[in-house]
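In the text below, chain A, chain B and the rest are named by the order of the sequence lines, each starting its count at 1.
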Amino acid sequence: MSDADIVLVIGLEVHVQLQTASKLFCGCSTKFGQPPNTQTCPVCLGLPGALPVLNKEAFRLGAIAGLALNCKISPIMKWDRKNYFYPDLPKGYQISQFDLPLAYEGYLETLPEGGEPKTIRIIRAHLEEDAGKSMHDEAAGTSDSRIDLNRTGTPLLEIVSEPDLRSSQEARAYLDELKLLMTYLAVSDCNMQEGSLRVDANVNLHIPGPDGVIATPIVEIKNLNSFRAVERAIDYEAARQIDEWEDRGLRLGEAPKRTFGWDDQKERTVEQRQKEESSDYRYFPDPDLVPVTVTTQFVEQLQQGLGELPAALRARLQSQYDLDAYGANVLVNQGSSLVAYFEKLAAVSGNARRASNWVQQDVLRVLNETKTNIEGFPVAASQMGELLRLVENGKLNTSRAKDVFEEMFQAKLSLGDAMKSLGIEEVSQDALVDLCRELLNANPKVVADVSGGKQQAVGALIGQAKKRNPNADPGSVRKILLELIQQMG
Amino acid sequence: MAFSHDEVLKVARLAQLDLAQEEVETFAAQLGHIVQYIEQLDELDTTDVEPMAHGAGVTNVFREDQVQPSLDREAALANAPNRDAECFRVPPVL
């Protein structure tokens with residue numbers, strides 16, 4: 001057996017925070033970054049007698065996400081209490097969904113970098129409430145933890161994949177596509193810094209042996225706060241499990257499932273605790289919340305409202321605008337607003353390929369440099385489209401057009417004003433011919449050289465023409481000069 | 001059904017209870033009786049009975065996604081055994 005025969009098996013649990021104004025079961029705000037413990041009420045504090053009521057929008061967003069993940073929507077879903085003690089969980093239980101989740105049995109098409117598209121099955125997607133936040137007190141002399149319950153009760157959708165992923169790259173591709181889908185649908189902003197998207201990875205190995213394939217004990221990795229961390233943690237854990245297998249030879253079932261945390265600084269996984277069995281959570285139906293029934297009309301209505309999802313959009317951009325897969329991918333991955341910008345640009349400029357190139361090279365560069373998004377981009381698609389049309393019609397060369405573009409977003413000018421500010425005016429053909437004639441008369445040596453076969457000698461005159469009139473297009477000048485010389489000869 | 005000592009200790013651990021040895025004995029017997037009582041339900045034939053998700057027979061109770069005023073922080077922290085100006089304080093959490 002060599003390491004190459006070992007199969008890495010990964011399943012991901014992703015929590016996305018649903019984009020609602022209020023919490024899942026009460027009217028407290030979900031706004032991020034507010035002073036600690038200013039967004040709580042008897043319901044999310046778990047005070048006796050307080051009753052939770054389901055937020056309709058959270059349910060709707062969860063159902064939309066489920067449909068977009070090609071899941072079935074349960075005709076009836078219910079709420080269960082997941083019981084455990086932790087200081088950031090004031091009720092002593094989390095309201096979640098156990099046996100009748102909102103959505104189940106779906107799949108997501110992913111595009112691993114440099115690999116073939118791969119379908120990852122989704123086991124389920126269920127709604128649950130978030131816990132609060134524990135902070136370790138840095139103050140000298142105390143070792144207390146401080147608890148902020150602002151986040152307690154925030155709506156989450158937990159999306160659980162089948163263990164269909166086989167490498168950290170595939171896990172990354174799955175997460176990229178999932179995040180894109182959720183942000184396209186405005187189900188979640190997926191902001192990892194603010195905890196709106198959190199990932200746990202379940203990892204083990206399938207090792208071929210003489211008596212068939214042996215599975216090693218599953219490890220759940222928590223505390224993965226970036227997609228980069230997910231990739232590194234999976235790779236680290238795979239290597240660690242190979243070592244552990246060689247040292248101890250434990251198989252799945254011979255050791256309990258364990259939880260490891262990812263230490264981003266040390267770049268290693270650290271064992272935290274033995275994982276509870278599902279029965280240890282003593283799930284039971286929450287008597288405070290009634291079930292939700294879902295009609296087929298409701299599901300159909302949501303399905304119709306999904307609009308064009310990223311996978312379909314990629315395909316359409318390729319066929320409708322003749323873009324390559326890479327280009328379509330770059331545009332779609334930037335979000336629907338950028339795609340809308342591109343489509344407008346393509347329509348106004350009359351050249352989709354050029355529009356795509358400009359968006360990918362120039363617009364995205366500026367957005368990166370200025371750390372803004374397309375919504376905050378000062379150059380309107382219609383204006384930029386007019387600029388590209390000037391290039392398309394040969395009225396402006398590309399390098400001059402880039403100057404104009406620069407001027408438009410730096411000085412926030414309209415196309416006309418930007419051109420005026422750079423002193424760009426359209427030069428008539430007659431004016432160009434006059435200019436060229438003058439230059440040829442003043443430079444008989446160049447005429448002689450060109451006539452003698454040294455065509456490159458004309459370059460000196462193109463430079464002079466540019467000096468005399470910066471708006472003269474070098475290509476046109478060259479063409480006119482050569483024609484005139486030919487006529488003279 | 002009888003409860004073993006290990007099962008009692010496990011349930012106690014999940015409930016974060018420390019039990020004395022005599023209590024383990026007592027609860028093993030009592031929990032056994034409770035489960036036995038519940039097990040009477042197994043005698044019923046439920047073949048044609050629809051599974052029930054809730055006792056109230058009501059479904060689809062929603063609230064609109066509207067923010068309501070939260071409690072003042074002072075009120076939220078009022079019952080805390082230990083607190084500071086902003087937060088609940090608890091023994092160290094790993």
Chemist: Quick check: does any side chain N or O of A/N37 sit under 3.5 Å from a backbone N or O of B/E86, one acting as donor and the other as acceptor?
Modeler: yes

Chemist: Could you report the tightest heavy-atom contact between B/C87 and A/I147, atom names first, then the distance?
Modeler: CB-O, 3.5 Å

Chemist: Which bit of A/D286 is near chain B, if near means a heavy-atom gap under 4.5 Å: side chain, backbone, both or neither?
Modeler: backbone

Chemist: Is A/D144 reaching over with its side chain to a backbone N or O of B/P92, donor-acceptor style, under 3.5 angstrom?
Modeler: no

Chemist: Taking all non-hydrogen atoms of both residues into account, name the closest pair between B/A15 and A/R282 and its distance.
Modeler: N-NH1, 4.5 Å

Chemist: Check each atom of A/K23 against the heavy atoms of chain B and say whether the ones under 4.5 Å are side chain, backbone, both or neither.
Modeler: backbone

Chemist: Heavy-atom distances under 4.5 Å only: say whether A/C44 touches chain B with side chain, backbone, both or neither.
Modeler: neither

Chemist: Closest heavy-atom contact between A/P285 and B/A53?
Modeler: CB-O, 4.3 Å

Chemist: Does some side-chain heavy atom of A/S145 sit less than 4.5 Å from a side-chain heavy atom of B/R89?
Modeler: no

Chemist: Would you sort out whether A/T40 and B/R73 count as a side chain to side chain donor-acceptor pair (under 3.5 Å), showing the intermediate values?
Modeler: CA-CA 8 Å; A/T40 68; B/R73 180 153 63 198; over 6 Å; no

Chemist: Given heavy-atom pairs under 4.5 angstrom as the criterion, report whether the side chain, backbone, both or neither of A/F25 touches chain B.
Modeler: backbone

Chemist: At a heavy-atom distance under 4.5 Å, which candidate from B/L71, B/N60, B/V11 has the highest pair count against chain A?
Modeler: B/N60

Chemist: Examine whether an atom of B/Q16 lies under 4.5 Å from a heavy atom of chain A, and if so say whether it belongs to the side chain, the backbone or both; otherwise answer neither.
Modeler: both

Chemist: Could you state the interatomic distance from CD (A/Q34) to OG (B/S70), rounded to the nearest 0.5 Å?
Modeler: 10.0 Å

Chemist: Nearest 0.5 Å please: distance from the OH atom of A/Y84 over to the CG atom of B/L14.
Modeler: 14.0 Å

Chemist: Roughly how far, to the nearest 0.5 Å, is the CD atom of A/E57 from the CZ atom of B/R63?
Modeler: 11.0 Å

